[in-house]
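Following: one structure in C-alpha cells, then a few remarks.
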Amino acid sequence: MKVSIVGAGYVGLVTGVGLASLGHDICIVEKDERKLEKLNNGISPIFEPGLEELLNKYKEKIIFTNNLKKAIAFSEIIFLCVGTPAQDDGSADLSQIEDAVIQIFRNVNSYKLIVEKSTVPVNTHKLIKWLANRYGGKSEFIDVASNPEFLREGKALYDFLNPDRIIIGVETEKAKKLLLELYEKIDAPKLVVKPATAETIKYTANAFLAMKISFINMIADFCEKTGADVEEVALGIGFDKRIGKDFLKAGIGYGGSCFPKDLKAFIYTANEYGIDFSLLKEVEKINCNRVEKVFRMIKNVLWNLVHKKIAVWGLAFKAGTDDVRYSPAIRLIKKLIENRAYVYGYDPKAIDNFKRSIGFLEGFSAVDDLYEVLDDADALVIVTDWQEFKEADLEEVKKRLKLPIIIDTRNIFDPDNMLKQGFEYYCIGRSGCSNVQKNI
Ligand code: UGA
C-alpha cells in the first residue's frame, strides 16, 4: 500500500520506516530542511537503535519531501505525526495538526483517510472533520481515524513491529478495511473501536503507567523509613498477573516527551468535561517531588554544596536515548548549581542535546568520558540506568573520585556489594544501603 506521513519526528520516522519494512511505499513530509537533508543522505536525525540501518535498507521505498501536495497526491492514507506539545495551561497545542489538515483539505479532491498517530485529546477527530467542511475538503471524501502509537524511545522499531496491540479507531467500514490491511503482517491483537475510544486509550495507557511509577516511588519512600526493600517489594507484587512486573522501577521519577505532557493534557481535558482528575494530579505531584527528594539526599550526604564538585552520570531522560526533554537531570543539575556546586556531566549519547537544551550554564561542564568526569569529584550521582554504567569498573570509579560516595537514583548496583567494595552507597528505597545505616 502507499502511505503518506506528515512529520518526521520520532513517531513519524519510526512509523514510516516500520511500514516500509512491511512492504509499503512511503512518502514522508518534513518542513525542517536540515532534517530533510540528513534523511535524504540516509542519516537519522535522532539516535534510535536500528533506525538508520533500516532507513538505508528501505531507502528505495521511502520518499522524503517538504512538499505536502506531493504527499497528498501520493496516497489515500495520510498519517498525522506532528508534535502536540503542552501549552502553559497544560492543554495540548494542536496548531501543527490544524496547519497540516487545513493544507490537506485545501488540496484534496478524492477520498482520503486521515489517521491521527500523534497523541491528541479525545474528540480531536471531530474537529478535524469539521475543518474538512470549512476548508473545502468535502467531508464526504474524508474519513478520520485514530491509530495511537505505543512505542518507547530506545526500543521504538521493536515496539512498532511487535506491539502488544494495535488500536484502530474508525467510523466507517472503508477506514477499518484500509487500516486492517495496512497492519496485516503484524501479528498482534487488533482492537477496532470508535475514534473517541482510541484517543482515550492512548492517554489512559500513559496515565496508568505514570501512576505505576509514582505509586512505586511512594512505596520506595515507605521502604526507606521502615527497612523494607522496594526492589523486592516490586518483585513480590509483580508476580501477581493482575499487577504485572513492568514499570515498577523506583527512582528519580518519569521524564521524557510523553508522560509529563500527556498527563497534563489528560487532566486538562477531563477538567473541560467537568471531571476533577485528582488522582492524576497526585501522580504529577509525587513525580515532581522526586527531584527535590534526590536533591535533599545529596545535600544530606555532602552537607555543604558550595564549591563541591559533583559528577553526574546520565543526562538523557532515560537510558537508550539521546532525548533530554523533561529529563530529571536538567532540574537536578540546575538546582545543584543554584546551590553553588560545580557539576560535571557525562552521558553516552545525550551530551549534545543536553548542552543545546540548557544553553550556557555557569557551573556546569560536560565531559565526554565515563571516568574522566569523576576526577576529584566529591560524589557521583547516577541519574539514568545506561548499561555502560552498570558495567563500569568500580575500582576505577573509586580511584577517580575524591570520596567514594555514590548516590544512585536508579538502583543499578547491589547495596551489599557496594558497601563491601568500600563505597558509601545511597540509593532509592533499599535496605542495606548507606541511607538506612545513616538514616538519610
Ligand atoms: C512512553 C510509553 O512507555 C510508550 O508506550 C508511549 O508510546 C510513549 O511514552 C509516547 O506516548 O509516545 P517513553 O516516553 O519513550 O514511552 O519512555 P518510557 O520507557 O515509558 O519511560 C518514561 C519515563 O518513566 C522515563 O523517564 C523512565 O525513566 C521512567 N520510568 C519508567 C521509571 O521511572 N520507572 C519505570 O519502572 C519505568
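Whatever order the structure lists ligands and atoms in, that order sets their numbers, starting from 1. Remember, it's a predicted structure, so these values are computed and weren't measured experimentally.
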Charged N-O contact under 4.0 Å between K61 and D25 | yes
Looking at the rings of Y326 and F317, which for Trp means the six-membered one, are their centres under 6.0 Å apart?
no
- So, for F364 and F354, is the gap between ring centers shorter than 6.0 Å? yes
| Is any side-chain heavy atom of D323 less than 4.5 Å from a side-chain heavy atom of S257? | yes
Practice problem: Would you indicate whether the side-chain heavy atoms of L22 and I186 approach each other to under 4.5 Å? | Solution: yes
Residue shell for ligand 1, any heavy atom closer than 4.0 Å, reads E149, F150, L151, R152, E153, K202, N206, I213, F247, L248, K249, Y254, G255, C258, F259, D262, F317, K318, R410
In D221, D408, D229, D416, the residue satisfying salt bridge (charged side-chain N to carboxylate O under 4.0 Å, His left out) with R430 is D229
